[in-house]
Structures are given as C-alpha cells and as structure tokens.
Amino acid sequence: MSRRSLISIRDLSNSAILGLFDLAAEFAAQPRRRLMLAHDAVMATLFYEPSTRTRLSFESAMLRLGGQVISMADPGASSVAKGETLADTVRIVEGYADIIVLRHPREGAAQLSADMVDVPVINAGDGAREHPTQTLLDLYTIFQEKGRLQGVTVALCGDLKYGRTVHSLVQGLARFGAHMICVAPHGLELPEPFRRTLTAQYGVDIAQYHSLDTAPLGGCDVLYVTRIQKERFADQVEFARIRSSYQVSRKTLERVREDAIVLHPLPRVDELDYSLDGDPRAAYFRQAAYGVPVRMALVAALLGLREVPGFQQPGTSATPASEAFHCPNPRCVTQSEPGIPARALVSEAGNSRCAFCDAEQEVVCPAS
Ligand code: NCD
C-alpha cells in the first residue's frame, strides 16, 4: 500500500469522504465492540497544543480498532522542553509507531512531519491553518442529521480568521455543493486566500455579515458556531473586546428553523449559551461523539486495514516553483525549525506558495 497522510481536507476526494462515511456508519452500528482489525498496530498521538476531544477520540478509535496507543500530551514533559525540533521528534517517533496524529501551533507542521517520515501522519490541527478530521466529523454529522450535504445552507459563526475547523470545513462544504454564509465580528472574517479559493475553484461566493442580529439565520439548516481563538491573539485587550461581542442564545434560536441543527467543534466559552443544551436543535454533543467512528474509519483506511473506494487515488501533486522563495507567514513552521529550507509550489493562481503552510508570496529574485 502506498503511504498516505491527511494534511488538508483537499487530500481526500469526495468519493473517499463518502467511502469513509460508509465505514464510519458500519463502525457506529457496533459502538461497544472492540475489533481486532489493528491488533498489531501502534498509534502515536503528539499534541503540542491542548486537546480533549481530538486526542481522546483518536485514542479511543485506535483502541476500538484493537490497536495500541502511545501519547505525548504534554510537550513540557518531553524532550521538546530540552529544545528538540519537531523534525527530530517525528523521526524518532516513527521508529515507535505505525501512524502519527499531530497537533502543533505552527502552520504547516503536519506537512513538514509527513515529509520527514514514512508512516502516515494525520493533521489534528496545525495552528490556525487546517483541522481536516474535524471537518470529516462535521460533514458526517450534517449528513447523518440532515440526510444530505448537497444544497444545505450553513451559517458559519464566530472566529473565522483563526478558526482552523472553519478553514477546512468551508472547502468540504463547497465541494459537496452546500451554501454558506459567514457571520464574524469585524477583524475575524474568513481570510482572503480561503475566499479566493472558494470562488476560483467552486464558484462559491459567500455573503459576509458582522452580527448575528442582521444575518439571515432563518434560511439556514445548520448554525456552525465557533470559539474566539484566544490563544492566537497577540493583543489580549482586543480579544477581550471581541469576546463579548457575540453569543448564540435562546433569543438567537427564535429566528432559526425548527428543523435546523446547531453545531460547535467545542470547547465553548461564552459564544454558545448553556441554556441551549436542552433544545432538540443542539447537536454538538452528538457531533463530538461521531468523532470516534469517523476517526476509526480514517485510521483503518490509512493503515490499509479496510478498503475505502477512492481512498488510494493520489491527490493532484502541485508543481515545484523554481524561483527562490521566502515564506511570508510568521506562523509558518519553517520560521521555527532550523535546517528546513523554504520550499515552494506553484499555486492555482500561478504564484509561488509555501509547500508547508500554503502562504503565497511574490517571487523574490536571488541576489546576483
Ligand atoms: C477545535 C480546535 O482545536 O481547533 N477543537 C477541536 O478539535 N474540537 C476548536 C477550538 O479549539 O476552538
């Protein structure tokens, strides 16, 4: 089997995603059974940022597949605290595990790791960039609860600038023909490169609102609420100002259809009122629980334990850019990892883009 990793939701075709959903439904139908599919495999979970759901649901998924798990949940208690680079750590862990699940604060960290090792790497969140497995379970939830993805209307609310779950989700929704509106406080709108990609590749133009009060929520099938990503703000005063600027409350739900659902990747802070929990439209705890069968399906497919139609088709490989390149993104993994030369690919628009974090930049001519 050729090795595959999951770095971006773009790495999976629509048919592979639907194939994973079929497998996830099969696993979900026998939730308590411990399978013996992965009995000789070990998963390493490397989490350089806090996590409850993602790490534990991956570990639960691996245990339910019959596999074993080793975990680094606290980088402060590992050689990271002694200054070990990510590249060195993953090369070491490759000797201990058959699959690596990585969460890291640097954008492009998962791609860099996948380039370094010969085992599959799953991106469990790379800074503010992407979180493709959250998108798999978000799409699966919508598919289960609404019966379709094509034509559903989703309101994406909250921190769309730094929220990595949204960055992966908009691409997944666009590909399956969903409609979207964005509702974000000023300054936290969906970043321009994502908007450009959606327009250029899928012909999707997303309407933007700055307040829940003015957004046309009545036409939505799904309200996808996200947390303001406090940890990504350089200015905590700015965070405090924005944090109190929006909340989905019972009053908000009065304008939402009876058959709509409210999703949230969780954890919530103050953007989603606790009084909504008893409302039948609140689907976020079911959504979190879907994480286990969906991640079981993904791990089984990546380890080659189950055939998933369309899964083994390689993604389209981008052309390397020939010019000298300096990644302009201060949050890119190449800015913190010594010995990793910047590498660029040609973007859809014909520009050079960082092979790790996707940031685009005009060409820098080599010094003559
Ligand atoms: C999200 C994340 O880490 O990006 N959490 C998760 O994985 N369910 C969302 C968040 O932290 O706001």
Side-chain angles (χ1 to χ4, degrees), residues 1-7 11-13 15-48 51-74 77-78 89-104 110 113-125 131-137 139-141 144 286-314:
M1 187 200 93
S2 66
R3 177 183 69 84
R4 281 205 61 166
S5 287
L6 178 62
I7 308 302
D11 297 335
L12 294 173
S13 65
S15 68
I17 293 175
L18 294 175
L20 289 174
F21 288 179
D22 285 344
L23 190 52
E26 184 189 318
F27 290 143
Q30 36 187 341
R32 301 269 165 253
R33 209 171 125 216
R34 185 154 180 197
L35 308 171
M36 288 308 289
L37 267 178
H39 64 92
D40 56 0
V42 175
M43 166 187 283
T45 53
L46 304 185
F47 277 65
Y48 290 72
S51 171
T52 304
R53 274 149 293 275
T54 305
R55 185 170 67 81
L56 294 183
S57 64
F58 263 115
E59 295 185 357
S60 173
M62 189 58 171
L63 295 175
R64 289 201 187 287
L65 287 171
Q68 309 288 322
V69 176
I70 54 176
S71 189
M72 188 199 81
D74 174 12
S78 76
T89 301
V90 292
R91 277 181 287 197
I92 297 301
V93 173
E94 176 187 23
Y96 308 155
D98 306 291
I99 186 163
I100 295 174
V101 181
L102 177 80
R103 171 171 288 183
H104 197 278
S113 303
D115 289 354
M116 289 289 157
V117 301
D118 278 326
V119 297
V121 172
I122 300 176
N123 181 7
H131 192 348
T133 68
Q134 180 68 42
T135 289
L136 287 178
L137 75 96
L139 294 177
Y140 184 76
T141 307
Q144 291 295 318
R286 295 197 292 281
Q287 176 190 7
Y290 286 134
V292 174
V294 168
R295 289 179 168 124
M296 284 174 80
L298 177 68
V299 170
L302 284 172
L303 289 175
L305 304 171
R306 286 291 296 265
E307 275 294 307
V308 171
F311 194 79
Q312 287 308 331
Q313 285 160 14

Drop me the distance from Q134's CD to L136's CG, to the nearest 0.5 angstrom.
-> 9.5 Å
Interatomic spacing from CG in L63 to CD in Q68 - rounded to 0.5 Å = 7.5 Å
Do you know which two heavy atoms are closest between A300 and L23, and how far apart they sit?
-> CB-CD2, 4.4 Å
Sorted by chain and residue number, the side-chain hydrogen bond (donor to acceptor under 3.5 Å, both in side chains) partners of R34 (sequence neighbours excluded) come out as none
Considering only distance and modelled atom types, tabulate donor-acceptor pairs under 3.5 Å from the side chains of residues 96-104, sequence neighbours left out.
from, atom 1, to, atom 2, distance (Å)
D98, OD2, V42, N, 2.7
R103, NE, A124, O, 2.8
R103, NH1, P50, O, 2.9
R103, NH2, T54, OG1, 3.1
R103, NH2, A124, O, 3.2
R103, NH2, H131, NE2, 3.2
H104, ND1, R106, N, 3.0

Say you draw a straight line from CG of L137 to CZ of R53; how long is it, rounded to the nearest 0.5 Å?
-> 10.5 Å
Is there a side-chain contact between V90 and V121 (heavy atoms, below 4.5 Å)?
-> no
With a cut-off of under 6.0 Å to the ring centre and 45° to the axis, is R4 in cation-pi contact with F311?
-> yes
Any pair with a residue in residues 286-309 that passes salt bridge (charged side-chain N to carboxylate O under 4.0 Å, His left out), sequence neighbours left out, goes on the list, sorted by first then second residue, please.
-> E26-R306, E145-R286
Side chains of V294 and L20: does their closest heavy-atom pair fall under 4.5 Å?
-> no
Residues which pass side-chain hydrogen bond (donor to acceptor under 3.5 Å, both in side chains) with T89, listed by chain and number, not counting sequence neighbours = E84
Under the side chain to side chain contact (heavy atoms under 4.5 Å, CB included) rule, what do L35 and F27 come out as? Steps first, then yes or no, please.
-> CA-CA 9 Å; L35 308 171; F27 290 143; 3.4 Å; yes
Starting at CG of L12, measure out to CG of L18 and round the result to the nearest 0.5 Å.
-> 11.0 Å
State which residues pass side-chain hydrogen bond (donor to acceptor under 3.5 Å, both in side chains) with Q30; sequence neighbours excluded, sorted by chain then number.
-> R33
Side-chain donor/acceptor of S60 to backbone N/O of L56, under 3.5 Å | no
Write down the atom of A38, the atom of L305, and the distance for their closest heavy-atom approach.
-> CB-CD1, 3.6 Å
With sequence neighbours left out, what residues match P132 under side-chain contact (heavy atoms from CB on, under 4.5 Å)?
-> L6, I9, N123, E130, S168
If you take all heavy atoms of E94 and M116, which pair is closest and at what distance?
-> OE1-O, 4.3 Å
Please walk me through it: do L139 and Y290 pass side chain to side chain contact (heavy atoms under 4.5 Å, CB included)?
-> CA-CA 10 Å; L139 294 177; Y290 286 134; over 6 Å; no
Which heavy-atom pair separates S5 from A114 by the least distance, and what is that distance?
-> OG-CB, 3.8 Å
CA sep, side-chain torsions, deciding dist, call: L303, M62, side chain to side chain contact (heavy atoms under 4.5 Å, CB included) = CA-CA 11 Å; L303 289 175; M62 189 58 171; 4.1 Å; yes
Interatomic spacing from CD in Q144 to CD in Q287 - rounded to 0.5 Å = 12.5 Å
Rounded to the nearest 0.5 Å, the CG atom of L46 sits from the OG atom of S113 at a distance of 8.0 Å
For the residue pair V299 and F58, establish whether any side-chain heavy-atom pair is separated by less than 4.5 Å.
-> yes
Please report the shortest heavy-atom distance between S51 and R55, naming the atom on each side.
-> OG-N, 3.0 Å
